[in-house]
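Down below is the structure, laid out as structure tokens.
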Amino acid sequence: MRAGITILPEYRWAEAKPRWQAAEAYGFDHAWTFDHLGWGPLVGGPWFGSVPTLSAAALATSRIELGFMVASPNFRHPVPFAQEVTALDDLSDGRLTVGIGAGGVGGYDVDVFGGTTKAASPSKRYQEFVELLDALLTTDRVDYSGEYYTAADARIAPGCVQRPRTPFVLAANGPKALALTARHGQGWVTVGTVHDSLDGWWKSLAELSARFDDALAAESRDPATVRRFLQTDAAPVFSLSSVEVYRDFLGRAGELGFTDVLAPWPRYEGPFAGDESVLDAVATDVLPTLS
């Protein structure tokens with residue numbers, strides 16, 4: 001089991017830098033940030049770009065894996081994003097992992113453009129985004145013509161530090177996204193489905209994990225070669241509310257075949273409200289026991 005932490009891009013760098021460095025010092029295996037123009041109940045508050053945030057984090061750390069959780073096609077085109085990914089992989093000396101999702105069908109990332117970025121088929125746009133980004137990061141020159149994205153003689157040099165490219169961790173719950181993940185992903189990430197009860201949430205994860213097994217089998221992929229990330233944001237109980245709760249999350253996730261668990265950095269209030277002292281206890285009592 002590998003443990004990760006998600007740090008929202010809501011802090012000025014003087015406050016954010018110690019968090020990213022602490023994540024590494026605590027012993028977390030990976031650290032992530034959201035990729036939104038504004039997110040949920042925090043729209044209207046402080047919010048910084050994910051690419052410069054990860055660039056600064058790459059220079060402020062030396063060991064920890066870094067990444068988007070998850071990059072959004074709502075406001076990105078694969079061609080400039082491929083350049084940013086290449087630069088981030090270089091800045092981090094090959095520590096970047098690219099989480100990608102389908103993008104929301106509503107919310108601020110759509111509303112801020114007056115709804116003009118809303119996709120008629122989010123699953124088709126997601127497929128094209130992943131396919132084109134994969135081609136750009138692995139091929140010298142790319143021509144691509146899709147319903148949502150086009151590229152003509154696109155060149156992304158010198159390529160990623162990691163070969164053949166940075167790993168993709170693809171968000172998926174539905175059948176089309178699970179199939180896409182099974183074809184292109186080095187990892188799969190899910191938040192489960194919304195439930196009021198913790199047992200219901202875990203049941204949803206068991207069902208999704210079984211569906212992903214089927215998707216991998218359809219692509220003749222060895223399940224042992226694909227990482228499985230559980231992002232605990234949607235759980236009805238905050239995963240870092242106590243050491244005991246966190247330990248239980250890790251154990252139950254492991255039983256379902258997940259290889260990586262992501263928890264949000266505790267905030268003072270609102271979403272993910274918690275006590276940062278729990279992180280100290282987790283670093284002392286839990287992280288050293290993981291293998």
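Just so it is clear, the values below take in all heavy atoms, side chains as well, and ignore hydrogens, waters and symmetry mates. Source: prediction; values computed, not measured.
Grouped with Leu91 in one hydrophobic cluster are Leu59, the linkage being side-chain heavy-atom contacts under 4.5 Å among Ile, Leu, Val, Met, Phe, Trp and Tyr residues. In this structure, Phe229 shares a hydrophobic cluster with Trp32, Met69, Val70, Val169, Val189, Leu262, the cluster being traced through Ile, Leu, Val, Met, Phe, Trp and Tyr side chains under 4.5 angstrom apart.
Taking the charged nitrogens against the carboxylate oxygens, Asp285 and Arg247 have no contact shorter than 4.0 Å, which rules out a salt bridge. Arg267 has no carboxylate O lying under 4.0 Å from a charged side-chain N of Glu276, or vice versa, which leaves the two without a salt bridge. Look at Arg227 and Glu65 and you find a salt bridge, because one of the NZ, NE, NH1 or NH2 atoms lies within 4.0 Å of a carboxylate O, short of that distance. Under the 4.0 Å criterion applied to side-chain N and carboxylate O atoms, Glu147 and Arg125 are not assigned as salt-bridge partners.
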Can you list the steps and then say if Thr33 with Leu54 is a side chain to side chain contact (heavy atoms under 4.5 Å, CB included)? CA-CA 8 Å; Thr33 199; Leu54 288 172; 4.0 Å; yes
Going through the distances and angles, do Leu42 and Glu10 end up as a side chain to side chain contact (heavy atoms under 4.5 Å, CB included)? CA-CA 9 Å; Leu42 301 183; Glu10 60 178 330; 4.0 Å; yes
Trace of the side chain to side chain contact (heavy atoms under 4.5 Å, CB included) decision for Phe28 with Arg2: CA-CA 8 Å; Phe28 283 102; Arg2 289 178 287 264; over 6 Å; no
Could you walk me through whether Ile5 and Leu240 pass the side chain to side chain contact (heavy atoms under 4.5 Å, CB included) check? CA-CA 10 Å; Ile5 194 83; Leu240 279 171; 3.9 Å; yes
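Rounded to the nearest 0.5 Å, atoms CG (Asp280) and OG1 (Thr284) are 6.5 Å apart. Taking CD1 from Ile156 and CZ from Arg141, the interatomic distance works out to 12.5 Å, rounded to the nearest 0.5 Å. One distance of note links CH2 of Trp20 with OG1 of Thr61; it measures 8.5 Å at 0.5 Å rounding. Note that CZ of Arg211 and CD of Glu207 are 6.0 Å apart. Values are rounded to the nearest 0.5 Å. The line from CG of Leu178 to CG of Asp213 is 10.5 Å long, rounded to the nearest 0.5 Å.
When hydrophobic clusters are built by joining Ile, Leu, Val, Met, Phe, Trp and Tyr residues whose side-chain heavy atoms come closer than 4.5 Å, directly or via intermediates, Val194 is not grouped with Trp39. Hydrophobic clustering of Ile, Leu, Val, Met, Phe, Trp and Tyr side chains at less than 4.5 Å, counting indirect connections, unites Leu279 with Met1. Phe272 is connected to Val278 through a chain of hydrophobic side-chain contacts under 4.5 Å among Ile, Leu, Val, Met, Phe, Trp and Tyr, so both are in one cluster. No continuous path of ILVMFWY side-chain contacts below 4.5 Å connects Ile7 to Phe48, so the two sit in separate hydrophobic clusters. A chain of hydrophobic side-chain contacts below 4.5 Å, direct or via other Ile, Leu, Val, Met, Phe, Trp or Tyr residues, connects Leu66 to Tyr26.
Residues Ser72 and Asn74 have side chains that bring a donor and an acceptor to within less than 3.5 angstrom of each other.
For Glu15, the CD atom is densely surrounded, since the number of other residues' heavy atoms within 6.0 Å is greater than 12. A 6.0 Å sphere centred on CG of Asp140 holds no more than 12 heavy atoms belonging to other residues, nucleotides or ligands. Atom CG of Asp222 has more than 12 heavy atoms from other residues, nucleotides or ligands within 6.0 Å. With a 6.0 Å radius and a threshold of 12 heavy atoms from other residues, nucleotides or ligands, Asp214 has its CG atom above the threshold.
Of the possible polar contacts, none joining the Ser209 side chain to the Leu205 backbone as a donor-acceptor pair under 3.5 Å is found. The backbone N or O of Lys124 lies less than 3.5 Å from a partner atom in the side chain of Ser121, making a donor-acceptor pair. Checking side-chain atoms of Asp143 against main-chain N and O of Asp153 turns up a donor-acceptor pair under 3.5 Å. Of the possible donor and acceptor atoms, one in the side chain of Thr259 sits under 3.5 Å from a partner among the backbone N and O of Arg228.
A 4.5 Å side-chain heavy-atom check between Pro9 and Phe34 finds at least one atom pair inside the cut-off. Between Pro264 and Leu8 the shortest side-chain heavy-atom distance does not fall below 4.5 Å. Residues Val286 and Tyr246 have side chains in contact (heavy-atom distance under 4.5 Å, counting atoms from C-beta outward). In this structure, Val79 and Tyr144 have side chains that are not in contact, with every pair of non-hydrogen atoms separated by 4.5 Å or more. Taking 4.5 Å as the limit, some side-chain heavy atom of Tyr126 sits within range of a side-chain heavy atom of Val130. Between Pro167 and Val98, the closest side-chain pair of non-hydrogen atoms is not below 4.5 Å. Looking at heavy atoms from C-beta onward, Pro236 lies out of side-chain contact with Ser197 at the 4.5 angstrom threshold. Contact of the Arg95 side chain with the Ile64 side chain is registered, since non-hydrogen atoms from C-beta on lie closer than 4.5 Å.
Residue Ala60 comes nearest to Trp13 through the heavy atom pair CB-CZ2, 4.1 Å, listed as atom of the first residue, atom of the second, then distance. Minimum interatomic distance between Arg76 and Phe81 (heavy atoms only, all atoms of both residues): CD-CD1, 3.7 Å. In terms of heavy-atom proximity, Leu137 sits nearest to Cys160 at CD2-SG, 3.9 Å. Closest approach of Gly27 and Leu287 over heavy atoms only: C-CD1, 3.8 Å. In plain terms, the two heavy atoms of Ala206 and Leu256 that are nearest each other are CB-CD2, 3.7 Å. Closest approach of Ala281 and Val243 over heavy atoms only: CB-CG2, 3.3 Å.
Residues meeting the side chain to side chain contact (heavy atoms under 4.5 Å, CB included) test with Ser62, sequence neighbours left out: Glu24. Residues passing the side chain to side chain contact (heavy atoms under 4.5 Å, CB included) test with Glu244 are Ser242, sequence neighbours excluded. By the side chain to side chain contact (heavy atoms under 4.5 Å, CB included) test, Thr116 is found to be paired with Phe113, residues two or more places apart in sequence or in another chain being considered. Scanning for side chain to side chain contact (heavy atoms under 4.5 Å, CB included) contacts around Val112 gives Leu37, Tyr108, with sequence neighbours left out. Listed by chain and residue number, Tyr149 satisfy the ring pair (Phe, Tyr, Trp, His ring centres under 6.0 Å) test with His77 (two or more places apart in sequence, or in another chain). Remark: Tyr148 engages no residue in a ring pair (Phe, Tyr, Trp, His ring centres under 6.0 Å) (not counting sequence neighbours). Under the rule for a salt bridge (Lys or Arg N to Asp or Glu O under 4.0 Å), Arg63 has no partner lying at least two apart in sequence or in another chain.
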Show the atom names and distances, to 0.1 Å, of all donor-acceptor pairs under 3.5 Å that link a side chain in residues 248-255 to residues at least two apart or in another chain.
none

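Within the structure, side-chain hydrogen bond (donor to acceptor under 3.5 Å, both in side chains) contacts touching residues 167-181 (residues at least two apart or in different chains) are Asn173-Thr190. The stretch residues 156-170 participates, sequence neighbours left out, in these side-chain hydrogen bond (donor to acceptor under 3.5 Å, both in side chains) pairs: Asp89-Gln162, Asp134-Arg165, Arg165-Gln186.
Ring-centre distance between Phe238 and Trp265: not below the 6.0 Å cut-off. Taking the six-membered ring where the residue is Trp, the centroids of Trp47 and Tyr11 are separated by 6.0 Å or more.
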